[in-house]
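Residues: numbered from 1 along the sequence shown.
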Amino acid sequence: MLDTLEVDYLYKSQEEWQKLGDYLDDPFFNRLYQETRQAYTALQEQRGERVIDVPHYLNDPRRAVNNPIPNRIIKNIVERAAVLWFIDKKEEDLEYLWEALRYFIEHGIFSCTSRRHGGHDLHADLETADASYICGFVLDTFQAVIPDDIREGLIDKLRNDTLPAYLDGVRKGDWWRYANFNWGAALHGCSGLGALALWNIDKAFAQTVIKEALNGLQFLWDALPDGGFCTEGQMYQTTTMCHLAEFLMPWYRLTNDDLGFLNNHFVEMSVDFHMHMQGGDGGALNFSNMNANTTERGGPHFYWWAYQYQRPEWSSYEDQVSRPWSDTHGVFFNVAAFWYAQPQQERQKVALKSVFHFPGLDWLNFHKGEMWGAVRAGYNAHNHNHKSLGHFILGYGSDRFLISPGYGAGQTQESNTITVGPQVEAARAPIIRIRNWDDGFWAVCDLQPAYANRVDVCFRHYLLVANKHFIIIDHIIGKNGKRPNLQWYLQSYMNPQEDGDALQLIGKEHKLHIQHLSVASPYACHEWDFKSKPIQRIKWHDPIDQVASVHAMVLSVDKPDCTWKEDGRVADLTIDGDTYSLNLFDHILTLPD
């Protein structure tokens, strides 16, 4: 295929670029054009001494600090300039672009990691990928108007800087060459894009790079499990899919070879799960690897995936999570929809499944009535994961009551889970039961592998009743007849208040009552600070510290009338007159008549 490959324009033909103004008949693109003009003007007017000195959020003076990743400022300028040039043909827009690119050429690729990541020396990193993308996109899109010095500077940067760094990383064994998440898609995909831009300039060198890029993306393809990408969290699914599309879209356009990523059930499941990873408060549902309020939950590339898969609800979801026009610090910007989306592209309302189990990660998300949340099972040793098996997030309406603190909260006691000493580093704790009905669901996670040194049995049951009562039931037996020393934790941004023998968290619209159903110590509350934001940690323990015990608590937006009975084998929960019977050893749940 490479011997016969012919490369013209990568994302659009010259004729298609010249007709970009026709897109403005679509209200979506008209609004996007107006926002692009607004952002481009603000980037120029609010910059500092250097072209890259712009605030993170142009419309928020409280966040007016210099962006720590300059290549993404350059990328922002480059993509906005492309749309404005082909629609407005204003020379002053190009002058700002040329200034930015001359700065980019003169000052290198701005490696924010100093070519080290996770304790490893690297020959290429994400900044290398960003730089290759900038060079490739500009050489392709602006080839008819680019000044000679900038053209030669970008060619030189690809031939002597970014792509050799990529090849060195492949040959000398950088860990990212086998990454089945965003690093792999970024390094292989963006390097492949840069090589395509060099195809008609240095074909032999370009072929060498593209062969390595295709090999690297093949690993990403081979690593697809049942259920989609094992990229731990919505941010990493977003960046993986978007970086992949940056190369795959032009490659598919030139060769009709989709590398196996189109019309693929595993990919489709990944994007479906991506849509479900949003809570009722609009924030992300993630576990200890990304903050709930991240803006990296969408990318215009998903319009292309939606069109290829004929899944119009993906486009509708992308409309909901698109990045604010004024946000300059991210990886992807809405303006790129001008080449990833279709005019008048079909949208369809997103219909979320009430309970969605993602087997690739073994996470479970639920949206039942106004109650929503997620359950963290799966594997402790995936990239970006932490020791938080059994962890869960819980919200109701627009209130997020129980949280995951975010990226870097790695200790078990920083999660909403049981602790029996530290969790085993590489434990795999699977969800073994899922049952869903109209106004509730039941799921069971086997946590014994997470505490294999301390317990012989450790099952955590998640039971939702009447779409408003969330019950956690933990069944534990200490290892070899020893007492396990059980402790439990909950995390919230809200201040807990005493409510008789229970606690309550008071949200903007609702209250969550936290009540023990079985023997437990009184709740203790402690405030801890994480990323400059106070979090309330609720802690309690088993005061008897039995070898075998069953602990239950109810989390409810009401104060239901509850009774609880258990004999070590069967537990009966009666809530508002309805009895739910649970066989603890055979894992059989009997619902009320």
Looking at every non-hydrogen atom in both residues, tell me the closest pair between [X] and [Y] and how far apart they are.
{"X": "W199", "Y": "L5", "answer": "NE1-O, 3.1 Å"}
{"X": "P405", "Y": "Y493", "answer": "O-OH, 3.9 Å"}
{"X": "C190", "Y": "S132", "answer": "O-CB, 3.6 Å"}
{"X": "M275", "Y": "E313", "answer": "SD-O, 3.8 Å"}
{"X": "I210", "Y": "L196", "answer": "CD1-CD2, 3.5 Å"}
{"X": "W251", "Y": "D257", "answer": "CD1-O, 3.2 Å"}

Can a donor-acceptor pair be found, under 3.5 Å and without considering hydrogens, that links the side chain of [X] to the backbone of [Y]?
{"X": "Y40", "Y": "D93", "answer": "yes"}
{"X": "Q143", "Y": "D140", "answer": "yes"}
{"X": "R347", "Y": "D319", "answer": "no"}
{"X": "D399", "Y": "E509", "answer": "yes"}
{"X": "D53", "Y": "R47", "answer": "no"}
{"X": "D168", "Y": "A124", "answer": "no"}
{"X": "D26", "Y": "F28", "answer": "yes"}
{"X": "S316", "Y": "P312", "answer": "no"}
{"X": "N365", "Y": "F356", "answer": "no"}
{"X": "T240", "Y": "Q237", "answer": "no"}

Roughly how far, to the nearest 0.5 Å, is the [atom2] atom of [Y] from the [atom1] atom of [X]?
{"X": "S322", "Y": "E35", "atom1": "OG", "atom2": "CD", "result": "7.5 Å"}
{"X": "S315", "Y": "Y340", "atom1": "OG", "atom2": "OH", "result": "14.5 Å"}
{"X": "L84", "Y": "K90", "atom1": "CG", "atom2": "NZ", "result": "8.5 Å"}
{"X": "R80", "Y": "L97", "atom1": "CZ", "atom2": "CG", "result": "13.5 Å"}
{"X": "Q308", "Y": "D258", "atom1": "CD", "atom2": "CG", "result": "8.5 Å"}

For the residue pair [X] and [Y], establish whether any side-chain heavy-atom pair is separated by less than 4.5 Å.
{"X": "I87", "Y": "Y23", "answer": "no"}
{"X": "S354", "Y": "N436", "answer": "yes"}
{"X": "F29", "Y": "L20", "answer": "no"}
{"X": "K508", "Y": "D281", "answer": "no"}
{"X": "E127", "Y": "D130", "answer": "yes"}
{"X": "L167", "Y": "F205", "answer": "yes"}
{"X": "P250", "Y": "L193", "answer": "yes"}
{"X": "L101", "Y": "I134", "answer": "yes"}

Might you work through the side-chain hydrogen bond (donor to acceptor under 3.5 Å, both in side chains) test for K12 and Q18, ending with a clear yes or no? CA-CA 10 Å; K12 288 182 175 293; Q18 294 295 340; over 6 Å; no
With side-chain contact (heavy atoms from CB on, under 4.5 Å) as the criterion, how do Y307 and Q345 come out once you've worked through the C-alpha distance, each side chain's angles and the decisive distance to 0.1 Å? CA-CA 8 Å; Y307 181 75; Q345 185 161 335; 3.8 Å; yes
Do R311 and D272 pass the salt bridge (charged side-chain N to carboxylate O under 4.0 Å, His left out) test, and can you show the C-alpha distance, the side-chain angles, and the key distance before you say yes or no? CA-CA 10 Å; R311 293 292 302 275; D272 276 342; 2.7 Å; yes
Does NZ or CZ of K157 lie under 6.0 Å from the centre of the six-membered ring of F104, at an angle within 45° of the ring axis?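 Yes.
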So with a 6.0 Å cut-off around [atom1] of [X], is the heavy-atom count from everything else above 12?
{"X": "Q310", "atom1": "CD", "value": "yes"}
{"X": "D148", "atom1": "CG", "value": "no"}
{"X": "K353", "atom1": "NZ", "value": "no"}
{"X": "K211", "atom1": "NZ", "value": "no"}

Ring geometry between [Y] and [X] (parallel below 30°, tilted from 30 to 60°, perpendicular above 60°):
{"X": "F137", "Y": "Y133", "result": "parallel"}
{"X": "H276", "Y": "H367", "result": "perpendicular"}
{"X": "Y166", "Y": "W176", "result": "parallel"}
{"X": "Y407", "Y": "Y236", "result": "perpendicular"}
{"X": "H274", "Y": "F302", "result": "parallel"}
{"X": "F219", "Y": "Y178", "result": "tilted"}

Test of ring centre spacing under 6.0 Å for W17 and W339: yes
Worked check of salt bridge (charged side-chain N to carboxylate O under 4.0 Å, His left out) between E246 and K75: CA-CA 13 Å; E246 285 178 334; K75 183 176 182 179; 2.9 Å; yes
What's the verdict on side-chain contact (heavy atoms from CB on, under 4.5 Å) for I155 and L158, showing C-alpha distance, side-chain angles and the deciding distance? CA-CA 5 Å; I155 292 172; L158 285 173; 5.9 Å; no
side-chain contact (heavy atoms from CB on, under 4.5 Å), that's the test. Do Y303 and Q342 meet it? Break it down for me. CA-CA 8 Å; Y303 291 114; Q342 302 289 321; over 6 Å; no
From CA spacing to verdict: side-chain contact (heavy atoms from CB on, under 4.5 Å), L285, W363: CA-CA 10 Å; L285 294 172; W363 290 5; over 6 Å; no
